[in-house]
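Read through the structure below, which is laid out as C-alpha cells, and then see the notes.
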Amino acid sequence: MTRLLNAVTLLGAGAQGSRLAYLWSRIGRPVYLVDKSPTQLGLALATVQRLRASNPPSEPGQVISLTADNLDKALHNSWLAIECVPEDLECKRPVMVELDRKSDPETIIASNSSSYSISDICKGLRLRAHDRFVNLHSVCPPKTPRYVGNVIGPSNFCILTHLS
C-alpha cells in the first residue's frame, strides 16, 4: 500500500454506526459514514453532534456522510472498513463480499457484530483474503477515551488498541 490511509469507513448509519463515527472521529482522523438512506445519514450526523456536545473531543475529525453508491470514494482513503448493518447473516454477507471486492487488498475489514463470529459471517464466501477479516467491538468508557476496542480475528486473538 503506497498511499497514506488514515480514514475509517463505517457501512451502516444506524445506532452502532453513528456511535462508532463519533468514537473514531475523536482522534482527529476522517470517518466516512456510508448508508443507502440519506435520511438515516442525517439522523446519524445529528447523533454524532449530540455526542460531541456532551463529550467534546480535543481534535474532532471530520465525519463525511456518503450514500452507498459512493462507497468506492470512502474505501479509497481508508485503512479500516467496519460493517454496522443489522444482525442478519443474509444482510451482512453481501456487505462483506462488496467490501472485499471494492477495497484495497490490505484494508482491514471488520464486522461490528456481537451475534456472529467473523468465521460464521464469511463462511462459504468467495473472498480475496480471509485473513483481513475480523470482529471488532469498540468501547469508549468516559475515563478511557483513547482505547478503541477488542479485535477478534481468524485465530481468535484479542487486542485492546490504544490510540495515541
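Along the sequence shown, residues are numbered consecutively beginning with 1.
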Quick one: salt bridge (charged side-chain N to carboxylate O under 4.0 Å, His left out) partners of R128, sequence neighbours excluded? D100

Are side-chain heavy atoms of W79 and T107 found at a separation under 4.5 Å? no

Residue among N77, L33, L80 satisfying side chain to side chain contact (heavy atoms under 4.5 Å, CB included) with V8: L80

Using 0.5 Å steps for rounding, measure from the CG atom of L75 to the OG atom of S103. 5.5 Å

Of all heavy-atom pairs linking A81 and L99, the shortest is CB-CD2, 4.2 Å

Using residues 9-16 as the side-chain source, report each donor-acceptor pair under 3.5 Å to any protein atom, sequence neighbours left out, with the distance given to one decimal.
residue	atom	partner	partner atom	Å
T9	OG1	A74	O	3.3
T9	OG1	S78	OG	2.7
Q16	OE1	N112	ND2	3.2

Tell me, do L71 and L66 make a side-chain contact under 4.5 Å, heavy atoms counted? no

Would you say that C84 contacts L20 through its side chain, given a criterion of any heavy-atom pair below 4.5 Å between the two side chains? yes

Donor + acceptor pair across side chains of D35, S37 (<3.5 Å): no

Quick one, K92 with E83, criterion salt bridge (Lys or Arg N to Asp or Glu O under 4.0 Å). Give me CA distance, side-chain angles, the key distance, then yes/no. CA-CA 8 Å; K92 290 182 178 299; E83 71 79 9; 2.8 Å; yes

I82 and S111: side-chain contact (heavy atoms from CB on, under 4.5 Å), yes or no, with the steps? CA-CA 6 Å; I82 306 170; S111 173; over 6 Å; no

Assess the residue pair R126 and V97 against the criterion (side-chain contact (heavy atoms from CB on, under 4.5 Å)); give the C-alpha distance rounded to whole Å, side-chain angles, the decisive distance to 0.1 Å, and a yes or no. CA-CA 7 Å; R126 291 179 159 242; V97 170; over 6 Å; no

Show, in sequence, the C-alpha distance, side-chain angles and deciding distance for R93 and L125, and conclude whether the side-chain contact (heavy atoms from CB on, under 4.5 Å) test is met. CA-CA 8 Å; R93 286 183 170 148; L125 299 180; 4.1 Å; yes

Atom pair CD1 (I118) and CZ (F133), whose distance is rounded to the nearest 0.5 Å: 7.0 Å

Heavy atoms only: give me the nearest P105-R132 pair and the separation to one decimal. O-CD, 3.3 Å

Minimum heavy-atom distance S113-N135, with the two atoms named: O-ND2, 3.4 Å

Less than 4.5 Å apart, any side-chain heavy atom of I108 and any of V134? yes

Nearest heavy-atom neighbours spanning M96 and I121: CG-CG2, 3.7 Å

Closest non-hydrogen atoms of S18 and T47, given as atom of the first, atom of the second and distance, are OG-CG2, 3.6 Å

Flag for S58-R26: side-chain donor and acceptor within less than 3.5 Å: no

Of all the heavy-atom pairs spanning D72 and K102, show the shortest one and how long it is. OD1-CD, 3.0 Å

Between Q62 and P30 (side chain of the first, backbone of the second, donor and acceptor by atom type, cut-off under 3.5 Å), is there such a pair? no

Report the residues that fulfil side chain to side chain contact (heavy atoms under 4.5 Å, CB included) with R52, sequence neighbours left out, ordered by chain and then residue number. Y22, S25, V48, Q49, P57, P60, V63

L43-V34 co-clustered via ILVMFWY side chain contacts under 4.5 Å: no

